[in-house]
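Just so we're on the same page: letters track the sequence lines, and every chain starts at 1.
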Amino acid sequence: MDFITQATAKAVEELFGTQITEQDITLQQTRREFEGQLTIITFPFTRFSKKSPEQTGTEIGNYLQEHVAEVSGFNVIKGFLNLVIADSYWLKLFNESLSNPAYGKFTPNGKKVMVEYSSPNTNKPLHLGHVRNNLLGYSVAEILSASGYEVIKANLVNDRGIHICKSMLAWQKFGNRETPEISGLKGDKLVGNYYVIFDKEYKKQIDELKASGQTEDDAKKNAPLIREAQEMLLKWENGDEEVINLWRTMNGWVYAGFDETYKKMGVDFDKYYYESNTYLLGKDIVQEGLEKGVFFKKPDGSVWIDLTSDGLDEKLVLRADGTSVYITQDLGTAQLKYDEFGMDQSVYVVGNEQDYHFKVLFLILEKLGKRWAKGLFHLSYGMVDLPSGKMKSREGTVVDADDLINEMVETARQRTEELGKVEGFTDQEKSELYRMIGMGALKYFLLKVEPKKRLLFDPNESIDFQGHTGPFIQYTYARIRSVLTKGNYNGEKASAITALVNLERDLILALNNYASVVEDAARNYSPALIANYVYELAKLYNKFYHEEPILKADDGNVKLFRLQLSLATAGIIKKAMKLLGIEVPERM
RNA sequence: GCACCCAUAGCUCAGCUGGAUAGAGCAACGGUUUUCUAAACCGUCGGUCACAGGUUCGAAUCCUGUUGGGUGUACCA
């Protein structure tokens, strides 16, 4: 639409003798209740036209109609100049660009971006919060990739530490050599059970110690189980063979379990980092910071950075005994990633409880003079709450990822069978369809909400399959495919179409928005923008489908054109859904 | 205490860099199928955009303050 803003700038200059830039012009899509497709807001021009908004609009409108071939008419309502763009323009746009299968694919921009997401702990299974993380990360990676970036999907696995030792210890003590093979349990579930057992037994011990007169704090420190866990961690750090072997075995179980869940969610990674390899990193950065005078040493030998002038606190970066803290390894890992890939941008998909941590991390790297620090971004998302409040693994108040996925697929099966939609499907096609629909509902449910907002999930109210949902969009796609099949459409282009009905024009306008929505979504790291766009598109198509005959159109050319329009719409729906990691079925 | 995030219809959410009468879905009620898939479409009901100021021709949107909710502020990760 650049030609309109350009012409408007010219109009203002010639009519009112003032030079304005294109940024001064607000061009928006005309609201449905008015005639026209593009609207220019003329209030800002009254300053130099010295005329009423109506008069100003009329003069610009006249100018545009006269000088711009595509402008076939206009109307002015208050400060709004509504332009009627000739159908020939929309038809040309549709034929030359929007209906092209390549539309919506951006040329590579030569930039590299890493998206780190998932980043699980290997002591418990994935829950709904992780599902949100994984879907967000995967979708953002897809969006960035579609908009021209080279994307590296990374997973930083938190595979070591005291919490891992807790599960290991509980298994040793109470496990009776249980394995996934023996119990038939998924590996991550099995290990997670022992994490819970540890916590239960630990609490028992604390209560006993408290009963014998210790304070709560002392009891927590002195409980034999926590002591043993700490010893185990030390042994792990010293490479104790027995501990390391147990660690390998149990983590192996967990990875097998995670892989299964990842597969079901449809997410994947190009690069795995393990904290067991990176937890010692960062000490040379501490050294570098000391040399540069960014960090300082306290008398006890601990190393700090003073961020009070930036409105933050003093932050420890290395303990007095020379060991790392969380931020130390994150500094080191950031450097490691950059050294390895040299990316321009790096996105961390991590919950909003770590907002402060990432603020500090990025600020430190900037102060250290890392050129790449300005490309770092924390994609912070709100937690998923249950009606009862926060999910807590240790208390068992979590919605398990696998259970939820299975329930969704099962509900999809029931719904579909109730509707009697699977005649002529093979068993395999059926289960494939149920999986697609169940996952589509779940993914769409989680992605349609702006990432930073908290999300409420009520397990008692199942996720909808009607209305503003994934299945609605999938249904629209399947419906289009059905029309195309019935019409034996072979991609032939309609000729001699000169005028459009309103809904045809609306669809073309909507298709035309796709490219800028993808750009927006990439810039804002927001799958929600795609989700809401594709819903609007599907809704519009359904209206069109209902009101205008396609196969039964009177004119053969009109029929051909509507098929063409349908095909293009299906194409964009499929592409947009792919950016959300959602598949669309040919029939449903 | 301080810092950050959030607050829009009964419920779940859109509303981008300020623009026309604040929009969807769900729920409730009513209608549409001898016609291309009714997981659809159409209609009715439903709002003090938390509150109070300010900036502006114009504020749900920007600024300040207040209230409510969440999170963080560990020599845990």
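- Across the C1' atoms, B:rA7 and B:rU48 are found 15 Å apart, a figure rounded to whole Å.
- Proximity of A:Arg479 to the phosphate of B:rA38: a side-chain N or O atom is located under 4.0 Å from OP1 or OP2.
- Contact annotation: A:Arg32 side-chain N/O to B:rU21 OP1/OP2 distance is not under 4.0 Å.
- When the C1' atom is compared between B:rC41 and B:rA24, the two are found 15 Å apart, to the nearest whole Å.
- In this structure, A:Ala570 and A:Tyr477 approach most closely via the heavy-atom pair O-CE1, 3.4 Å.
- Look at B:rG46: it lacks any Watson-Crick or wobble partner with both distances under 3.5 angstrom.
- Ring-to-base geometry does not place A:Phe80 in a stacked arrangement with B:rG19 (centre distance under 5.5 Å, plane angle under 30° required).
- Residue A:Thr476 places no side-chain atom within donor-acceptor reach of the base of B:rA40, judged by atom type and a 3.5 Å distance cut-off alone.
- With both ends at atom C1', the span from B:rU33 to B:rA40 equals 11 Å, rounded to whole Å.
- Between the P atoms of B:rG54 and B:rU8, the separation comes to 24 Å (whole Å).
- Only the P atoms considered, B:rG53 is 30 Å distant from B:rC13, to the nearest whole Å.
- Ranked by how close their nearest RNA chain B nucleotide is to the 5' end, A:Phe445 and A:Glu586 are led by A:Phe445.
- Contact check on A:Asp199 versus A:Lys203 returns a salt bridge, with a Lys/Arg side-chain nitrogen under 4.0 Å from an Asp/Glu carboxylate oxygen.
- Note on A:Leu455: only backbone sugar-phosphate atoms sit closer than 4.0 angstrom, heavy atoms only; bases stay farther off.
- At least one side-chain nitrogen or oxygen of A:Lys543 sits closer than 4.0 Å to the OP1 or OP2 atom of B:rC42.
- Judged purely by atom type and a 3.5 angstrom limit, A:Thr328 uses its side chain to pair as donor or acceptor with the backbone of A:Val317.
- Evaluation of A:Tyr535 against the base of B:rA24 yields no stacking contact (centre distance < 5.5 Å, interplanar angle < 30° required).
- For the pair A:Tyr356 and B:rA3, the ring geometry does not qualify as stacking, because the centroid separation below 5.5 Å and plane angle under 30° are not jointly satisfied.
- Contact check, A:Arg31 against B:rG23: a side-chain N or O comes under 4.0 Å of OP1 or OP2.
- For A:Lys486 and B:rU37, the shortest distance from a side-chain N or O to OP1 or OP2 is below 4.0 Å.
- A salt bridge is defined here as a Lys NZ or Arg NE, NH1 or NH2 lying under 4.0 Å from an Asp or Glu carboxylate O, and A:Asp520 with A:Arg523 meets this definition.
- If you take atom C1' in B:rC45 and the same atom in B:rC4, they sit 40 Å apart, rounded to whole Å.
- Where A:Lys552 and A:Asn82 meet RNA chain B, the nucleotide closest to each residue was compared, and A:Asn82 sits on the side nearer the 5' end.
- Taking the charged nitrogens against the carboxylate oxygens, A:Arg160 and A:Glu237 do have a contact shorter than 4.0 Å, which makes a salt bridge.
- OP1 and OP2 of B:rC76 both lie 4.0 Å or more from every side-chain N or O belonging to A:Lys166.
- The same atom, P, is picked in B:rG72 and in B:rC62; the two are 26 Å apart, to the nearest Å.
- If you check distances only, the side chain of A:Asp321 never reaches the base of B:rC75 with a donor-acceptor pair under 3.5 Å.
- Residue A:Lys453 places at least one side-chain N or O closer than 4.0 Å to OP1 or OP2 of B:rA7.
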